[in-house]
Amino acid sequence: LDSIATAAAASATSAAASATSAAASATAATTQAGFATDAAIAAASVAAAAKIDPLLRINPKPITNGIIGPMAGYGPAPYIDFSRSTTAYTTDARGKLVLAGVDALRQYYDTTGLLREWVEGARKNYFRHSNAFDNAVWTKANVTISSGAAIGPDGSASMWSVTPNSSPIEHYLQQQVTVDATGQHVVAVYAKKNELNWIALSIYDTSHHRAWFGLNSGSIGNVAVGATARIELLRDGIYRCQLSYPSSVTTPYGNILMTNANGVSSYTGNSTDSLFIASTDFQSGNFASSHIPSTASVEVRDADTYQIDLADLPDLPADGEPFGYFDEVQLADGIDLTQYLMSLHNGGANRITFGRSSADLRIFFEIIDGGVTQATIYGSPVSGGQNIRYYVNCEAGNFWFAIAVKGGDLGNGTGVGKIIGSGTTGSLPTVTTFIRGDRSDGLRPAFAKFGTGAFYAAPVSQAEAISLVSW
C-alpha cells in the first residue's frame with residue numbers, strides 16, 4: 001500500500017508539473033500573440049501614416065475644379081508651421097494614451113480608422129499629483145488605496161484600486177484646488193470597474209454638485225441640477241468620466257466618490273470590493289481637454305498653433321482672388337469660447353473665419369475687409385461631439401457655406417443634415433496666412449479634431465458643395 005501511495009504521489013507530482021508547464025506555455029503563447037497583435041497594429045499604423053499626409057491632407061472627393069496643394073503622393077508637408085511649447089497626450093490606434101513631444105502635432109485614429117489631427121487651446125490642470133493618490137494633497141475618506149493595481153490608460157500598471165471600508169458613510173478621495181476665477185469648471189478621471197461598478201464625481205463649492213457613472217457599460221446616472229456629465233470609453237473597459245459645473249468660489253473641491261449604485265452617496269462597504277481610477281484633471285471650462293499630468297504644482301499645456309504662409313502655396317488667395325476651402329472636424333462637446341475652425345487673415349484688419357458661436361452654438365461664416373464686415377452668415381445650431389464636413393465659398397459678391405452633420409441634421413427641421421448659407425455681396429479681402437483652429441486675434445478652439453482639409457483654386461457650385469460635404 002505504501003508503494004502504491006508513493007507511486008500515486010509521484011504521478012500526481014508529475015501531472016502537476018506537466019500542468020504547470022502547459023500553463024506556462026499557454027501564457028507564453030498568449031503573450032507572444034499579444035506582442036504579434038501589437039506589432040501588427042503598429043505596422044498598420046505606420047502603413048496608414050505613410051499613405052496620409054500627416055499634417056494637411058489635401059485630397060477630398062474629386063470634383064471639377066482644381067485643388068491647390070501638393071497632390072503627388074502623401075509625403076510630409078513642410079509648409080505647415082506647427083508649434084506647442086509643451087508635451088501633450090493623444091491616443092494611438094489601440095486607444096492607449098501616448099505622449100506627443102514639444103512641437104509635435106498630435107494625431108489619433110477615429111472609429112473609422114482615419115488618421116486625424118488634434119488641436120487644442122491652452123489649459124491648466126489645477127489638481128496636483130494627478131495620479132499619486134497616496135500624496136497628502138488627496139484626502140482619503142473611509143477608503144484604502146493601492147498603486148499598480150491594473151493596466152491604465154497609458155498601457156502601464158498606472159491604475160489605483162480604491163476600496164471602501166465598512167463604515168456606513170461616504171467613501172471618497174478629494175482635493176481642494178485654487179482656480180483663477182469662478183465659473184465653469186470640470187473634474188475628470190479615468191475609471192474601471194472591479195467588484196464595484198459605480199463612481200460619482202462632484203465639484204463642491206458651498207455644496208456638492210454630483211453626477212453618477214456606471215462602469216459596466218459606460219452609462220450616466222443621476223446628474224445634479226446645473227451640472228453636465230459625460231462618459232467616454234477609452235479602451236479595455238477604461239472610461240473617462242467628466243462632470244462640469246459653474247463653481248461659485250475660487251477654492252472648490254474635486255471629489256471622487258466610490259459607491260455601489262446610482263444615486264447612492266453613503267453606503268456600508270465591506271473593505272474588500274473596489275474599483276480602479278487613474279489620471280485626474282480639474283480644468284476650467286465645461287468639458288475636459290486631453291489629460292494634463294501634474295506633480296507638485298498646477299500644470300499648463302500650451303496651445304497648439306497650426307498655420308500656413310499662403311505664399312508657400314501657389315495660387316492661393318493672397319491676392320484676393322476667389323477660392324474655396326473644405327474640411328472635416330469633430331466639434332468640441334461643449335465650449336467656453338467661440339470655436340474657430342479656420343481663419344485666414346493678413347495680420348491686421350482683414351479676416352475670413354468659420355466657426356461656431358459659444359452663445360447659441362450656431363455655425364457662422366464671417367468676412368471682414370479693411371475692418372469693415374462684408375458678410376456674416378449664420379446657420380443652425382450644431383451640438384458638440386459631432387463630426388461635420390463644411391465647405392466655405394470665398395468669392396466677392398457670393399459668400400456662402402455648405403455643411404453636413406454625420407448621422408443627422410443641424411436641428412433646423414430639414415432632416416437632410418445640410419444647409420446652404422445665404423448669398424451676400426461685398427469685397428473679398430487680401431489675406432496672407434491660414435490658421436486651422438485659430439484666429440488672427442489669438443483665440444483658439446478649446447478642442448477640435450480635424451480630418452481632411454483642402455483648398456480649391458476656384459469656387460465650386462452649390463450642387464458640388466452639397467456633394468462634397470455629404471456623408
Side-chain angles (χ1 to χ4, degrees), residues 55-56 58 67-69 77-85 105 117 119-122 302-329 331-332 335 337-358 362-379 388 390-401 403 421 424-448 450 453-459:
L55 296 173
L56 184 66
I58 307 181
I67 303 174
I68 299 302
Y79 47 82
I80 302 291
D81 179 13
F82 180 84
S83 65
R84 184 187 58 250
S85 67
L105 176 64
E117 291 137 15
V119 179
E120 294 182 297
D302 190 28
D304 297 309
T305 301
Y306 183 122
Q307 67 182 44
I308 301 171
D309 183 349
L310 296 182
D312 293 338
L313 296 180
D315 301 324
L316 278 182
D319 56 358
E321 291 298 317
F323 72 99
Y325 179 72
F326 167 86
D327 210 344
E328 184 177 322
V329 181
L331 292 170
I335 52 174
L337 291 173
T338 293
Q339 186 175 20
Y340 294 92
L341 303 176
M342 63 84 75
S343 174
L344 293 114
H345 67 89
N346 69 343
N350 293 358
R351 184 168 71 237
I352 300 169
T353 56
F354 181 83
R356 185 178 65 156
S357 169
S358 63
R362 286 192 299 170
I363 290 292
F364 69 89
F365 177 38
E366 178 183 62
I367 295 181
I368 296 176
D369 187 8
V372 178
T373 300
Q374 303 295 316
T376 303
I377 306 169
Y378 285 95
I388 68 168
Y390 70 90
Y391 172 85
V392 295
N393 189 83
C394 301
E395 183 179 14
N398 191 22
F399 309 136
W400 49 272
F401 65 86
I403 181 170
T424 48
T425 59
S427 58
L428 186 65
T430 299
V431 291
T432 60
T433 306
F434 167 79
I435 300 180
R436 204 177 197 190
D438 199 339
R439 201 175 77 167
S440 57
D441 60 9
L443 291 179
R444 296 179 171 86
F447 172 88
F450 293 91
F455 285 100
Y456 290 83

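As a basis for the values below, the full set of heavy atoms in this structure was taken, side chains included, without hydrogen atoms, waters or symmetry mates. Because the structure is a prediction, the values reported are computed rather than measured. Position 1 is the first residue of the sequence, and the numbers go up from there.
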Do [X] and [Y] have side chains that get closer than 4.5 Å, going by heavy atoms?
X    : Y    : value
D327 : R436 : yes
M342 : T353 : no
I435 : Y340 : no

Measure the spacing between [atom1] of [X] and [atom2] of [Y] and express it to the nearest 0.5 Å.
X    : Y    : atom1 : atom2 : answer
R84  : D302 : CZ    : CG    : 8.0 Å
T430 : L310 : OG1   : CG    : 11.0 Å
L344 : Q307 : CG    : CD    : 11.0 Å
I388 : R356 : CD1   : CZ    : 8.5 Å
S343 : E366 : OG    : CD    : 9.5 Å
D81  : I308 : CG    : CD1   : 9.5 Å

Not counting sequence neighbours, which residues clear ring pair (Phe, Tyr, Trp, His ring centres under 6.0 Å) with F354? List them please.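 Per chain and number, F354 pairs via ring pair (Phe, Tyr, Trp, His ring centres under 6.0 Å) with Y390, F401.
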Looking only at atom types and distance, does a side-chain atom of D304 sit under 3.5 Å from a main-chain N or O of L105, one as donor and one as acceptor?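 No, because the side chain of D304 does not come within donor-acceptor range (under 3.5 Å) of the backbone of L105.
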Short side-chain to backbone donor-acceptor contact, N350 and G370, under 3.5 Å: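 Checked: pair present.
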Among N393, L428, I352, T376, find the residue that satisfies the side chain to side chain contact (heavy atoms under 4.5 Å, CB included) test when tested with F399.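 Only match with F399 under side chain to side chain contact (heavy atoms under 4.5 Å, CB included): L428.
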Side chains of T432 and N346: donor-acceptor distance under 3.5 Å anywhere?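 No, no side-chain donor-acceptor contact under 3.5 Å.
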Is a side-chain donor-acceptor pair under 3.5 Å present for Y378 with R362?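 Distance-only check fails for R362 and Y378.
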Taking Y391 as the fixed residue, which of F365, F326, W400, F323 is the one that meets the ring-ring contact (aromatic ring centres under 6.0 Å, His included) rule?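 Only match with Y391 under ring-ring contact (aromatic ring centres under 6.0 Å, His included): W400.
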With salt bridge (Lys or Arg N to Asp or Glu O under 4.0 Å) as the test, would you mind laying out the steps for D369 and R351 before giving the verdict? CA-CA 7 Å; D369 187 8; R351 184 168 71 237; over 6 Å; no
For residues S427 and Q374, report the shortest heavy-atom separation together with the two atoms involved.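 Heavy atoms only, the tightest pair is N-OE1, 3.0 Å.
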Please give me the minimum heavy-atom distance between A122 and A303, naming the atom from each residue.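 The answer is N-CB, 3.5 Å.
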